[in-house]
Amino acid sequence: MSGYGAIKCGELRAEHVGKEVDLYGWVARRRDHGGLIFIDLRDRWGVVQVVFNPADAPEAAAQAGELRGEYVVRVSGAVKRRLPGNENAKLPTGEVEVQAAELEVLTTSRTPPFPIEGEAAPEESIRLRYRYLDLRRAEMLRILAVRHRVNKIIHGYLDEQQFLEVETPMLMKSTPEGARDFLVPSRLHQGSFYALPQSPQTLKQLLMVAGVQRYYQIARCLRDEALRADRQPEFTQLDIEMSFNDEEDVFELTEGLIARLWKEVVGVELERPFPRLSIRDSLLKYGTDKPDLRYELEIADVGDLLKDTEARIFRQVLDGGGVVRALAVPGGGDLTRRELDELVGLAKSARGQGLAWFPGQIEKFLTAAEVEGIRAATGAEEGDLVLLAADRRRRAETIMGLVRAEVARRRNLVRTEEWRFAWVFPMYLFEEDDDGNLTYAHHPFTRPVEEDLAFVEERPYDVRAHAYDLVCNGYELGGGSLRIYDREMQERVFGILGLPLEKVRERFGFLLEAFEYGVPPHGGIAWGIDRVVMMLAGTDNIRDVIAFPKTQSMQDLMLGAPSPVDPVQLDELGLALKPRPPRVP
RNA sequence: GGUCCCGUGGUGUAGCCUGGCCAAACACGCGGCCCUGUCAAGGCCGAGAACGCCGGUUCGAAUCCGGUCGGGACCGCCA
């Protein structure tokens, strides 16, 4: 076989006219005229028409009658300019065709379970079951190519900037915080487990101690958490860390790379620098930490305006320490009851009580001054509808964030051609855990804004961090922080977190020890490469940018994973399966 | 842990709300025959689903109800 260097089907052009070629590819279509037979031959580069004419190649023409979809063939023949009037403007190869002299069927194919040609993808489970056929579709090969290009540009850019790519282990150590780990039992150390990396976070910090100074890695990360349209258990990060830097260096580097990617992959010149938005404003105005800025619709806090309200639903929430947030829907006065109910349903899906609105149900419980105040705060104009959510702060934000996005979508307010990047910065250092206790928002090594430590005792949740997220069009594309390098500062933070040094040592002793040997100030960022590729490929689904993804229930429908294993394997590992508790009907 | 949507020949859909006219329609695909310039080729003929599965309601269920399995979206979760 010498087809490797052969010309590609999809690359044939008028300039090749007169050449004798060998073509290798898949049969995309057969048009059999009884005498003449046309074959569309497809490879990764595209499709070209092959003509079999019994008058000049009877044997090949006879064989061609037996061809079926997805047969893999070799065709040799001459590239010819198509007869005038027979060109196909829809095909890049449409000016030419190959006059077949010889046909060799390399392999046959069963009728595929779904069409490889054609735009519409079949149901997801079928695509995943036959992923190799799904990937054969031009759209999927195109996305694979986008991903390849992204990786290549990343390598090139960071190499120019003198970054060193370093690989870190897949068999790591489990830590109780963060996402749930995937565990790997140790055979040699029975009863002990490795953990697959959630991210190379601690290792890249050690590489800074090592003096690498500029590190990056396109790293596979694994988290055993619930899936979403933009989340897979296995995903890929561009992990970056540098020394002697501040966040401005991270922003500059990142923006430069993002700008290059957008320019080279989709031909878009991005405006820089990216705007910045504090986490406080983001949650308040957009109800999310990853705002979509392609539409306005700002949420307003109207709790103060209602501090003396008689309306019971607001009274109760406000007295209970909750908040009231409001959003004006431009021209929303014409929303039907049904549409309003759907928005209420959205609020309920976030476990909220619902929504209030005016003009409408809530108006009779509010004073004219309150209504006017809220209208002013939300910028509502004549004919607008004002939606209100009253709840605990975090929940009210979630509800309003969902409502804001839904309203924008329904009313076609999203400027879909725009790329609205922003840095969410600064972020908070601490947050409240489920039990109302203070915990870290990112990880315990995130560097606080030093001046804010002055009020850490009184208002710990207002302490800012040198931490940032990169967002675009409602997606979080990456996040990072500067790290604490000063021992005193680190111990102080542990103290505030109520983490006894002993406890910390158990988990992160290796890191703390390393930091005793001359640690450079450092910080970095990690991007979700899958999401970057999603944006550049124009899909809203992470499964489309991963060659072999898992379903929402974390199964691989093609491999049939996960699967039970041979008891012998379990025994070798010193593992025994617990009987499943019987189902209680 | 929870909420919601979807599941009809190989594929994509219609039918389901308003049960009987549905052993189920349409398109593509598939098989056969005809056809020397098509390119979503065309023409003729044909095969193919008892409606994911289980149970219930009913004289009667693809259609209503419950459960279950599979896929998806979301909330929680994802330092």
If you count the non-hydrogen atoms of other residues, nucleotides and ligands that lie under 6.0 Å from CZ in A:R68, is the total more than 12?
yes

Roughly how many Å is it from CZ in A:R110 to C1' in B:rG31, rounded to a whole number?
16 Å

Between B:rC78 atom P and A:D224 atom CG, what is the distance in whole Å?
12 Å

I'd like the C1' distance from B:rG32 over to B:rC54, given in whole Å.
41 Å

Any-strand Watson-Crick or G-U partner of B:rC44, both distances under 3.5 Å
B:rG32

So, using ring-ring contact (aromatic ring centres under 6.0 Å, His included) as the criterion, who are the partners of A:Y428 when residues are at least two apart?
none

Quick one: on RNA chain B, does A:T202 or A:A229 contact a more 5' nucleotide (nearest heavy atom)?
A:A229

Same-atom distance (P) from B:rC5 to B:rG29, integer angstrom
35 Å

Sidechain N-carboxylate O distance under 4.0 Å for A:D230, A:R543:
no

Applying salt bridge (Lys or Arg N to Asp or Glu O under 4.0 Å), name anything that partners A:E491, two or more places apart in sequence or on another chain.
A:R487

Please round to the nearest 0.5 Å and tell me the distance separating atom CG of A:L511 and atom CG of A:L206.
5.5 Å

Can you tell me the pairing partner of B:rA25 across any strand shown, Watson-Crick or G-U wobble, with both distances under 3.5 angstrom?
B:rU13

For every nucleotide of nucleotides 37-51 of chain B, 5' to 3': is a protein heavy atom under 4.0 Å from its base (B), only from its sugar-phosphate (S), or from neither (-)?
BBBSB----------

Using atom P in both nucleotides, what's the gap between B:rU18 and B:rC65 to the nearest angstrom?
10 Å

Salt-bridge contact A:E241-A:K204 (side-chain N to carboxylate O under 4.0 Å)
yes

In whole Å, measure the gap between the P atoms of B:rC4 and B:rG66 for me.
11 Å

Are the charged groups of A:E139 and A:R142 less than 4.0 angstrom apart, N to O?
yes

Does a salt bridge link A:E342 with A:R410, judged by any charged N lying under 4.0 Å from a carboxylate O?
yes

Evaluate whether atom OH of A:Y194 has more than 12 neighbouring non-hydrogen atoms of other residues, nucleotides or ligands under 6.0 angstrom away.
no

Is it true that a side-chain atom of A:D391 and a backbone atom of A:R395 form a donor plus acceptor pair closer than 3.5 Å?
no

Check: B:rC78 base within 3.5 Å donor-acceptor of A:R231 side chain:
yes

Using atom CZ of A:R228 as one end and atom C1' of B:rC4 as the other, report the distance to the nearest whole Å.
13 Å

Provide the distance between the two C1' atoms, one in B:rA61 and one in B:rA47, to the nearest whole Å.
28 Å

For a quick check, with a 4.0 angstrom heavy-atom cut-off, what is the B/S/- contact string for nucleotides 10-17 of chain B, read 5' to 3'?
SSS-----

I want to check one thing: is the phosphate of B:rG76, taken as OP1 and OP2, less than 4.0 Å away from some side-chain N or O of A:T398?
yes

Assigned partner base of B:rG66, Watson-Crick or wobble definition, under 3.5 Å:
B:rC54

Whole-Å gap separating C1' (B:rG76) and CD (A:E397)
16 Å

Kindly state which residues belonging to residues 343-354 of chain A come within less than 4.0 angstrom of RNA chain B, counting heavy atoms of the residue only, listed by number.
A:S349, A:A350, A:R351

Within residues 546-563 of chain A, find the residues that approach RNA chain B with a heavy atom at under 4.0 Å, and present them sorted by residue number.
A:T551, A:Q552, A:S553, A:Q555, A:L557

Which residues in residues 467-475 of chain A have a heavy atom closer than 4.0 Å to any atom of RNA chain B?
none

Is A:T175 touching bases, backbone alone, or none of the nucleic acid, heavy atoms closer than 4.0 Å?
nothing

For A:R404, salt bridge (Lys or Arg N to Asp or Glu O under 4.0 Å) partners two or more places apart:
none

Could you state the interatomic distance from CG (A:D556) to OG (A:S563), rounded to the nearest 0.5 Å?
10.5 Å

A:R543 near the nucleic acid: base, sugar-phosphate alone, or nothing, with a heavy-atom cut-off under 4.0 Å?
sugar-phosphate

I'd like the C1' distance from B:rU8 over to B:rC51, given in whole Å.
4 Å

Distance, rounded to the nearest Å, where A:R127 contributes CZ and B:rG72 contributes P:
11 Å

Report the distance from atom CD of A:Q232 to atom C1' of B:rG72, rounded to the nearest whole Å.
13 Å

Residue list, ring-ring contact (aromatic ring centres under 6.0 Å, His included) with A:H443, at least two apart or on another chain:
A:F445

Does a side-chain N-to-carboxylate-O contact under 4.0 Å join A:R127 and A:E123?
no

For residues 31-47 of chain A, which residue pairs pass the side-chain hydrogen bond (donor to acceptor under 3.5 Å, both in side chains) check, not counting sequence neighbours?
A:R31-A:D40, A:R31-A:Q49, A:R42-A:E70, A:R42-A:E117

Just name whichever nucleotide pairs with B:rG20, Watson-Crick or G-U, keeping both distances under 3.5 Å, else none.
B:rC59

For B:rC33 versus B:rU38, give the span between their P atoms, rounded off to a whole number of Å.
23 Å

Rounded to whole Å, the CD1-P distance (A:I37 to B:rC34) equals 12 Å

Go ahead and name the base partner of B:rC4; Watson-Crick or wobble counts if both distances stay under 3.5 Å, otherwise write none.
B:rG72

Going through the distances and angles, do A:Y24 and A:V75 end up as a side chain to side chain contact (heavy atoms under 4.5 Å, CB included)?
CA-CA 7 Å; A:Y24 294 80; A:V75 176; over 6 Å; no

Taking salt bridge (Lys or Arg N to Asp or Glu O under 4.0 Å) as the test, write out the residues that go with A:R464, two or more places apart.
A:E451, A:D452

Does the B:rG70 base have a donor-acceptor partner in the side chain of A:R129 within less than 3.5 Å?
no

In terms of side-chain geometry, is the basic nitrogen of A:R82 or A:E95 positioned less than 4.0 Å from the acidic oxygen of its partner?
no

A:D530 CG to B:rC78 C1', in whole Å, measures 14 Å

Quantified in whole Å, what is the P atom distance between nucleotide B:rA27 and nucleotide B:rG43?
11 Å

Sequence neighbours excluded, the answer for salt bridge (Lys or Arg N to Asp or Glu O under 4.0 Å) partners of A:E225 is A:R180

